[in-house]
Enquirer: 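Have a look at this one.
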Amino acid sequence: MTIRKPKSREWGMSTRVIRSVTGGGAAMGPGGGTSLTAPIWQSSTFEFHRPEEVADAATATQPETFYTRYGNPNFSAVQTALAELEGGEAALVTGSGMAAIMLVFLGMLKNGDHLVSQNCHYVGTMKALESWLPRYGIEVTMVDQTDLDAFADAMRPNTRLVMLETPTNPTLTITDLAGVMGIARDHDAFVCMDNTFATPINQRPLEHGIDLVVHSATKYLGGHSDLTAGFVVGRKELIDELWLAHIIHGGISHPFEAWLLGRGLQTLPFRVARHNSSAMAVAEFLEGHAAIERVYYPGLASHPQHELAAKQMDGFGGMVVFELAGGFDAARDFTARLELARRAVSLGGTETLAVHAASMIHARLTPAQRAEAGISENLIRVSVGLEDPEDIVADFERALR
Ligand SMILES: Cc1ncc(COP(=O)(O)O)c(C=O)c1O
């Protein structure tokens with residue numbers, strides 16, 4: 001069984017993604033008709049007629065039908081779609097974004113290697129860099145992501161990997177992809193980039209020479225807040241190497257999750273276009289409001305790195321971050337007054353989500369620790385959803401009164 005692959009490189013992006021995941025002709029029913037949508041291959045193992053066929057599958061790289069930890073037709077479909085979207089040769093779907101990130105760290109690095117990262121990343125990535133990698137003898141140097149000289153100074157002869165994330169969670173700071181790439185190439189280091197916030201619709205890091213792209217597919221790629229998954233994308237030889245680590249680490253996706261992910265991916269370009277335009281509308285409204293001290297949105301001309309963002313991104317994404325006058329209490333009370341936006345972590349779904357970082361995500365840290373991590377007491381992070389933008393703005397306007 002093979003999911004039918006796109007026939008023509010001439011097809012546009014949406015066509016290729018839809019053809020990758022709908023699997024036309026993949027499964028024939030008893031009446032002879034074939035299912036239009038891909039079936040869910042809810043099987044942990046696959047049967048073969050001849051013993052040699054089992055042996056062939058057992059020794060193949062990424063066999064689609066052998067044993068689901070090794071591969072599954074539902075995995076192949078979304079892997080093809082994401083490789084198409086990112087412009088990569090191959091992709092690997094994982095059980096979560098963190099599974100993808102840890103797969104890259106543990107699959108690419110060994111005891112004695114050195115990694116250079118930004119000093120601001122998604123909190124789970126930060127914990128991996130600060131607490132887990134040193135346990136395996138991997139040294140980490142964190143640098144200011146806006147300072148190319150700091151990246152250059154941090155490189156050592158044993159630097160094997162540079163880890164990037166842009167725009168960064170939560171402050172939407174931008175890293176110069178081409179600039180860091182040039183430095184890493186001079187030192188023969190690989191570069192991995194977390195593209196979760198931008199999505200491949202807004203930013204395709206492989207086009208800048210980045211070696212590996214990781215995603216939390218839990219967010220925009222799935223797009224409906226109903227699944228947890230991750231991806232690694234890149235050159236086939238690197239993905240094949242990581243697959244060998246993946247089947248040992250075991251952080252795999254599952255057929256139903258992958259099927260849901262395929263459903264979400266088909267509408268990604270349309271959803272992201274709406275997230276982009278609605279987020280811009282929210283950012284512009286907030287920037288003009290007297291109760292707002294500062295808005296962080298790379299699409300605003302006031303963002304200190306707006307020009308860099310415009311150079312390397314096709315759109316600015318659905319995340320808007322702002323600081324509210326009145327400090328901790330004012331920001332917490334603002335989120336309590338929201339009626340349309342929901343108070344929940346995560347991002348990239350159909351519904352608008354708003355979190356007060358200091359009281360909801362980083363409540364366990366002291367104010368001093370939060371300040372050190374760059375999280376101000378009045379910072380609110382919004383994942384702008386797909387509702388009517390006027391309703392989202394009206395909700396914010398009312399809660400600010
Ligand atoms: C930028 C970024 N990377 C990675 C992750 C981790 O993804 P997951 O929760 O799917 O493991 C997240 C989660 O919020 C994220 O925001």
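The figures here come from the full heavy-atom set of this structure, side chains too, leaving out hydrogens, waters and symmetry mates. When a ligand or atom number is given, it counts from 1 through the structure's own listing order. Sequential numbering from 1 along the given sequence is applied to the chain's residues.
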Enquirer: Tell me whether the centres of the aromatic rings in F46 and W41 are closer together than 6.0 Å.
Expert: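 No - the distance between ring centres of F46 and W41 does not fall below the 6.0 Å cut-off.
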Enquirer: Can you check whether G97 has an N/O within less than 3.5 Å of an N/O in ligand 1?
Expert: yes
Enquirer: Could you check atom 16 (O) of ligand 1 against the protein and tell me its nearest heavy-atom contact, residue, atom and distance included?
Expert: N169 ND2, 3.2 Å
Enquirer: Side chain, backbone, both or neither: which applies to E165 and ligand 1 if a contact is any heavy-atom pair less than 4.0 Å apart?
Expert: side chain
Enquirer: Could you check atom 14 (O) of ligand 1 against the protein and tell me its nearest heavy-atom contact, residue, atom and distance included?
Expert: K219 NZ, 2.7 Å
Enquirer: Quick one: do the Q145 and T168 side chains pair a donor with an acceptor below 3.5 Å?
Expert: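 Indeed, the side chains of Q145 and T168 share at least one donor-acceptor pair under 3.5 Å.
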Enquirer: Which residue supplies the protein heavy atom nearest to atom 11 (O) of ligand 1, what is that atom called, and how far is it?
Expert: M98 N, 2.9 Å
Enquirer: Do F322 and F285 have ring centroids that are under 6.0 Å from one another?
Expert: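 Between F322 and F285, which both carry aromatic rings, the centre distance is not below 6.0 Å.
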Enquirer: Between the side chains of E307 and K311, is the shortest nitrogen-to-carboxylate-oxygen separation below 4.0 Å, so that they form an ion pair?
Expert: no
Enquirer: Just need the protein heavy atom nearest to atom 6 (C) of ligand 1, so name the residue and atom and give the distance.
Expert: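 The closest one turns out to be Y122 CE2, 3.4 Å.
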Enquirer: So how far is it from H215 NE2 to E86 CD, rounded to the nearest 0.5 Å?
Expert: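 Between H215 NE2 and E86 CD, I get 4.0 Å after rounding to 0.5 Å.
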Enquirer: Between the side chains of H114 and T159, is a donor N or O closer than 3.5 angstrom to an acceptor N or O?
Expert: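 Yes, side-chain donor-acceptor contact under 3.5 Å.
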Enquirer: Looking only at protein heavy atoms, which one is nearest to atom 10 (O) of ligand 1, and how far off is it?
Expert: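 Scanning the protein heavy atoms, the shortest distance from atom 10 (O) of ligand 1 goes to T218 OG1, 2.6 Å.
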Enquirer: For atom 3 (N) of ligand 1, what's the nearest protein heavy-atom neighbour? Residue, atom name and distance, please.
Expert: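 For atom 3 (N) of ligand 1, the nearest protein heavy atom is D194 OD2, 2.7 Å.
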